Amino acid sequence: FGVVALATVLHLQPPALFVATVEYGSQRSRLLRTDDGGRTWLEARGLPATGRVSGVAQWPRQPGRLIAALGVDGLYRSDDAGISWRPVDR
């Protein structure tokens, strides 16, 4: 990864932890997930590279379903606990 200018920690159901990053000098944004306290990270697939993640919420009755808010890019949904994402209502 490049130099991170902004990182937002988004904590959901333990042990899952999400971090939204924006690289310094670019508009590149990533959503990363760890399940082991930060030893390993997975980058989310299916989110636009320029979309800034402002929040992630867990679906109340389905723990593996998540919704991410990406500003002007709208809402994205994951049904596999944040590994892959697709746009909502598109």
Side-chain angles (χ1 to χ4, degrees):
F1 303 115
V3 177
V4 174
L6 174 67
T8 305
V9 177
L10 308 163
H11 183 76
L12 293 174
Q13 187 76 6
L17 177 71
F18 289 86
V19 175
T21 67
V22 177
E23 288 183 14
Y24 180 77
S26 79
Q27 294 299 310
R28 175 110 173 106
S29 179
R30 289 187 168 99
L31 181 65
L32 307 171
R33 176 193 171 116
T34 183
D35 289 311
D36 58 12
R39 282 190 295 267
T40 60
W41 294 87
L42 288 174
E43 184 173 357
R45 297 184 314 260
L47 295 175
T50 56
R52 292 198 179 175
V53 179
S54 59
V56 176
Q58 188 169 348
W59 210 261
R61 293 199 171 108
Q62 292 178 298
R65 181 174 292 172
L66 306 173
I67 300 292
L70 276 82
V72 297
D73 291 307
L75 297 175
Y76 280 71
R77 174 178 158 175
S78 172
D79 291 314
D80 56 11
I83 296 169
S84 61
W85 297 83
R86 62 185 170 84
V88 174
D89 292 334
R90 286 193 192 166

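Just so we're clear, the structure is a prediction, and the values are computed from it rather than from any experiment. Residue indices begin at 1 and follow the sequence shown.
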Minimum heavy-atom distance between Gly46 and Tyr76, given as atom pair plus value: O-CE2, 3.6 Å

Which atom of Gln58 lies closest to which atom of Leu66, heavy atoms considered: CA-CD2, 3.7 Å

Sequence neighbours excluded and cut-off under 3.5 Å, please list the side-chain donor-acceptor pairs for residues 81-88, or say none.
residue, atom, partner, partner atom, Å
Ser84, OG, Asp80, OD2, 2.6
Trp85, NE1, Gly82, O, 3.2

Salt bridge (charged side-chain N to carboxylate O under 4.0 Å, His left out) pairs, two or more places apart, involving residues 57-72: Arg65-Asp79

Taking every non-hydrogen atom, the tightest pair across Leu47 and Ala44: CD1-CB, 4.0 Å

